[in-house]
Number of protein chains: 2
Amino acid sequence: MAKSLIGNHVRKFRFHHDEMTQQQLADQVGVTRQTIVAIEKGNYSPSLELAFRIARVFGAPIEDIFFLEGEQ
Amino acid sequence: MAKSLIGNHVRKFRFHHDEMTQQQLADQVGVTRQTIVAIEKGNYSPSLELAFRIARVFGAPIEDIFFLEGEQ
DNA sequence: CCCACATGTAAAGTTTACTTGACTTATTGT
DNA sequence: ACAATAAGTCAAGTAAACTTTACATGTGGG
């Protein structure tokens, strides 16, 4: 099972955002905590919809938080 | 996750890009033509990875091409 | 009139995002 | 010492993205 080609700075954004916990972020975007863990660890990439919601929480464009590996 | 709440301007970008066909776009981003059709028609939203590749083809940020319905 | 091409649609199958639930470890506070 | 919280992990299941194949329709050119 290949890892996804998408990397992200969710963890950094979480800490720079009032030290928000995984659970709090999960609640705000409407997924489970395990989903946030999996995304932060790169186990898989989020759907576009979830990427949008995460970006909204952090008030940043999607491309500030997520990137194609090898493009960063 | 809720329903597909993602809209897009892929068709417009395709025509503003040298009248690129669905097949040409599909080839450039590495999916089948049916996937492009489904996305243009809103049958489902692309993965984040595919959204990135489409945005790259058009030289635009993801958020110029895709949007959360109700946010446009 | 043909033929090639662009687009739409649909069924069935594979892959992957996401959930549910349960357990573990480390840290912090009472 | 104990409880509570944050984070990691694993397994099994569901839902959605994507593929493959195939057929249908309209359009433009020779």
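Order of the sequence lines sets the chain letters (A, B, ...), proteins ahead of strands, with each chain counted from 1.
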May I have the distance from [X] (atom [atom1]) to [N] (atom [atom2]), rounded to whole angstrom?
X     : N      : atom1 : atom2 : value
B/L48 : D/dA16 : CG    : P     : 18 Å
A/Y44 : C/dT15 : OH    : P     : 18 Å
B/I36 : D/dT19 : CD1   : C1'   : 13 Å
B/D27 : D/dC18 : CG    : C1'   : 15 Å
B/L5  : D/dA15 : CG    : C1'   : 15 Å
A/Q23 : D/dT5  : CD    : P     : 11 Å
B/Q22 : D/dT19 : CD    : P     : 14 Å
B/N43 : D/dT19 : CG    : P     : 14 Å

Seminar exercise, completed: When A/F66, A/F67, A/F15, A/F58 are each screened for ring pair (Phe, Tyr, Trp, His ring centres under 6.0 Å) with A/H9, the one that passes is A/F67
For [X], answer base if it contacts any base atom (sugar-phosphate contacts may also be present), sugar-phosphate if it contacts only those atoms, and nothing otherwise; contact means non-hydrogen atoms under 4.0 Å.
X     : answer
B/V37 : base
B/T32 : base
A/T35 : base

Exercise. Of B/Q24 and B/K41, whose closest DNA chain C nucleotide lies nearer the 5' terminus?
Worked result: B/Q24
Exercise. Can you tell me if B/R53 uses its side chain to pair, donor with acceptor, with the backbone of B/V29 under 3.5 Å?
Worked result: yes
Exercise. Is there a donor and acceptor pair, one atom on the side chain of A/R33 and one on the base of D/dA7, closer than 3.5 Å?
Worked result: yes
Exercise. To the nearest 0.5 Å, what is the distance between CG (B/L5) and OG (B/S45)?
Worked result: 8.0 Å
Exercise. What distance do B/Q34 atom CD and B/Q22 atom CD have between them, rounded to the nearest 0.5 Å?
Worked result: 9.0 Å
Exercise. For DNA chain D, whose closest nucleotide is more 5', that of B/I39 or that of B/Q34?
Worked result: B/I39
For this session: Kindly indicate whether the side chain of B/F52, heavy atoms from C-beta on, has any atom under 4.5 Å from the side chain of A/E63.
Result: yes
Exercise. Can a side chain N or O of A/S45 be found less than 4.0 Å away from OP1 or OP2 on C/dA17?
Worked result: yes
